[in-house]
Every structure is written in structure tokens, then in C-alpha cells.
Protein chains: 2
Amino acid sequence: MIMTRDRTFTLAVDALKEAGLRPTRQRVQLLHLLRAGGNRHLSADDLAREAKKVGLSVSLATVYNALNQFTQSGLLREVVIAPGISYFDTNIGPHHHFYFEEERRLQDIPVDAVSVSDLPPAPMGTKVARVEVVIRLESEQK
Amino acid sequence: MIMTRDRTFTLAVDALKEAGLRPTRQRVQLLHLLRAGGNRHLSADDLAREAKKVGLSVSLATVYNALNQFTQSGLLREVVIAPGISYFDTNIGPHHHFYFEEERRLQDIPVDAVSVSDLPPAPMGTKVARVEVVIRLESEQK
DNA sequence: GTGATTGCAAATCTTTTGCACTAAA
DNA sequence: TTTAGTGCAAAAGATTTGCAATCAC
């Protein structure tokens with residue numbers, strides 16, 4: 001029966017509600033897709049392509065909208081690497097990134113694998129929203 | 001005489017030659033403009049606008065090309081902040097950045113003001129090209 | 001001269017938006 | 001119902017590119 005399939009999406013639905021986002025079919029399916037398969041780094045286009053592959057009907061505009069809303073709600077994190085290259089990271093815990101320039105690929109670094117210390121204090125009137133560390137890698141013989 | 005004015009550009013010319021770039025009028029003027037006024041963070045558009053303001057004749061395409069060439073040659077550093085927002089930094093020494101979200105503004109942090117330690121080793125076959133730390137700031141009452 | 005560089009306009013790419021339609025509450 | 005969300009196509013930005021004209025060497 002239909003409930004069996006719906007149950008698969010319970011987590012996504014709950015997460016969306018908690019985030020204050022109406023759990024529409026598209027959002028539920030996209031969030032579910034994003035969370036399937038562990039921590040991932042996907043571009044908007046990657047996600048749209050993947051959605052199409054599994055037979056979802058979602059427009060690219062909706063993918064962009066959903067990704068932005070997810071990011072604002074803290075369900076995702078966006079990592080911008082170069083003009084025109086940005087990834088959405090399903091790992092929202094504190095961590096950092098390796099970026100393989102040649103492969104245009106991100107890899108998570110657990111937060112305790114790097115220590116960033118002696119941070120200068122946030123300037124007057126501001127507070128730290130996030131500390132981002134990206135270690136850019138190139139192939140060795142370069 | 002003309003030589004007096006040219007002398008102003010000697011440094012830029014030398015830097016370009018050293019970088020293997022032909023010191024054309026546009027490149028010399030742009031590099032000189034970039035280096036005037038200390039460390040700065042300019043978008044391509046900022047630079048084009050500024051060039052126009054001081055009466056230089058450079059097309060936007062050439063500004064982009066020059067900035068990319070300068071970056072590749074190590075005369076500049078590019079800092080990408082968000083999709084569609086990237087800055088070219090005239091400070092090419094090792095350092096990090098504060099980013100003021102609301103003001104869309106970068107500020108340098110001297111490298112010794114932050115310590116990034118216990119970096120995980122670069123994965124097999126790769127080497128670290130650069131370690132980038134961006135501290136994103138938001139206004140305090142937010 | 002000869003090959004590199006420039007300017008312009010057009011093309012490309014990524015991302016956002018307006019608006020009529022549809023779905024969620 | 002009533003309001004929020006979606007799809008589509010168009011618009012908006014940012015950046016790149018093709019090619020004839022120009023410049024550096």
C-alpha cells in the first residue's frame with residue numbers, strides 16, 4: 001500500500017517541518033535524495049540531473065529554490081569553490097574541506113583533524129557566523 | 001617629458017616581465033592601478049569601473065583576462081565568497097580573511113594571527129596548493 | 001613582419017525571477 | 001478557501017570566447 005512508500009520519507013518530512021518549510025512533494029523527494037548515500041557534495045545541476053535519473057519531476061528552478069531554502073534553514077551547507085562552482089554539502093556538522101583542483105571534487109575533513117586556534121576576535125559589532133577552512137590540493141608532480 | 005610618466009610604471013612592467021606576461025599598455029595600467037593604495041579586494045567590475053574613472057581605456061573582457069592571467073602568474077590571489085561574488089586580492093603573501101556578510105567586504109587577517117595546526121597530510125599523489133581560512137562575520141544583533 | 005593582445009559583441013553558464021497554475025493546510 | 005510552492009520561460013549576472021583590428025617585439 002501507499003503508506004509503505006511514504007514511510008521512507010518520514011525523516012525528510014519531519015526535518016522540513018522542523019525547519020519551517022512546508023513538506024511539498026518536491027522538497028521531500030529532493031531532501032530524501034540528498035540524504036541518501038551519506039555525506040555528499042553536489043552542485044545544483046548534479047542534483048537536478050540525479051533527480052531526473054530516478055524519475056522525479058522537479059524543475060531546475062525548484063532545485064535551486066529548494067537548495068537555497070535548505071541552506072538557509074541549516075539543512076545543508078554551501079561551499080563555494082570558484083566562480084561558477086559551488087557545492088551543497090549534506091554534512092552540516094562542523095568540519096572542513098580538501099578540494100582537489102584537477103578533479104573539482106570536495107572531501108570532508110573532520111573538524112578535530114585540524115585545529116584553528118588563536119582566532120582574532122570578531123571585530124566590534126560582529127560575531128563569527130562560521131569559520132571555513134579549505135585546503136586546496138593539486139596533483140603532486142605539478 | 002614622457003619618460004617621467006613611464007618611470008611610474010617601471011615596477012609594474014618588471015613584475016609583468018618576470019611573470020612572463022607581455023607588458024602591454026592595458027596590463028601595465030591595470031597592475032599599476034591595482035597596486036596603488038595598498039592591499040585591496042576588488043571585483044572585476046570594481047577594477048573596470050575604477051579604470052574608467054581614471055580615464056583608462058580598457059574593455060571589461062580585457063579586465064577579466066588580465067585578472068585571470070595575473071592570478072595564474074601569482075601576481076594576485078582570487079577569493080571566492082559566494083556564487084557571483086569574487087574578489088581579487090593584491091596581497092599575495094600568506095594570510096586569511098574576515099568576510100563581513102552584510103557589507104560584502106573582505107578584510108585581511110595576518111597569517112600569524114591564526115594558527116592552523118595539525119593539518120591532515122595531503123592525500124596520496126597530491127600536495128597542498130593553499131590553505132584558505134575565511135571567517136564569516138554577521139552583525140552582532142542578528 | 002609576426003605572433004600576442006585587445007575590443008567588441010555575442011555566446012555561455014549559473015542562478016534568479018515573474019506569473020499563471022497547482023498543491024498543502 | 002487561502003496561502004505557499006512549482007514550473008516554465010524569460011531575465012539577470014558574471015565570465016568567456018571568436019574574430020578582426022592593433023600592438024609589442
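Here is how names work: the chains are called A, B, and so on, in the same order as the sequence lines, proteins then strands, and each is numbered from 1.
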My understanding is that a hydrophobic cluster links ILVMFWY residues whose side chain heavy atoms are under 4.5 Å apart, including indirect links. Using that, what else belongs to the cluster containing B/I85?
B/V79, B/I81, B/Y87, B/Y99, B/L106, B/V134
Please write out each protein N/O paired with an N/O of nucleotides 1-4 of chain C under 3.5 Å, distance rounded to 0.1 Å.
unit_1, atom_1, unit_2, atom_2, d
C/dG3, N2, B/R22, NH1, 3.1
C/dA4, O4', B/R22, NH2, 3.2

A/P120 and B/A113: which non-hydrogen atoms are nearest, and at how many Å?
CD-O, 3.5 Å
So where does chain B start and stop touching DNA chain D, 5' to 3', when the test is distance under 4.0 Å to a non-hydrogen atom?
D/dA14 to D/dC25
Whole-Å gap separating C1' (C/dA25) and CG (A/L21)
15 Å
Under the salt bridge (charged side-chain N to carboxylate O under 4.0 Å, His left out) test, which residues partner B/E18, sequence neighbours left out?
none
Would you name the heavy atoms of B/I92 and B/G74 that are closest together and state the gap between them?
CD1-O, 3.3 Å
For the pair made of CG in B/L30 and P in C/dT5, what is the distance, rounded to whole Å?
14 Å
Residues at least two apart in sequence or cross-chain that pass side chain to side chain donor-acceptor pair (under 3.5 Å) with A/R49, listed by chain then number, are A/D45
Residues which pass salt bridge (charged side-chain N to carboxylate O under 4.0 Å, His left out) with B/R104, listed by chain and number, not counting sequence neighbours:
none
Run the side-chain donor-acceptor check on residues 53-64 of chain B: report pairs under 3.5 Å with partners two or more places apart or on a different chain.
unit_1, atom_1, unit_2, atom_2, d
B/S59, OG, B/T62, N, 3.2
B/S59, OG, B/T62, OG1, 3.1

Between B/E138 and A/T126 (side chain of the first, backbone of the second, donor and acceptor by atom type, cut-off under 3.5 Å), is there such a pair?
no
Taken in chain and number order and not counting sequence neighbours, the residues that satisfy salt bridge (charged side-chain N to carboxylate O under 4.0 Å, His left out) with A/E103 are A/R105
Is there a donor-acceptor pair closer than 3.5 Å between any side-chain N or O of B/H32 and the backbone N or O of B/L30?
no
Working to the nearest 0.5 angstrom, can you tell me the gap between B/N65 CG and B/L67 CG?
9.0 Å
If the condition is side chain to side chain contact (heavy atoms under 4.5 Å, CB included), which residues does B/N68 pass it with, not counting sequence neighbours?
B/F88
For A/R130, enumerate each residue passing the salt bridge (charged side-chain N to carboxylate O under 4.0 Å, His left out) test, keeping only those at least two apart in sequence or located in another chain.
A/E132
Treat primed atoms plus P, OP1 and OP2 as sugar-phosphate and everything else as base, then score nucleotides 7-15 of chain C 5' to 3': B for base contact with protein heavy atoms under 4.0 Å, S for sugar-phosphate contact only, - for none.
BBB----SB
Report the end-to-end axis angle of the helix from C/dG1-D/dC25 to C/dA25-D/dT1; each axis comes from five terminal pairs, and the value is rounded to 10°.
30°
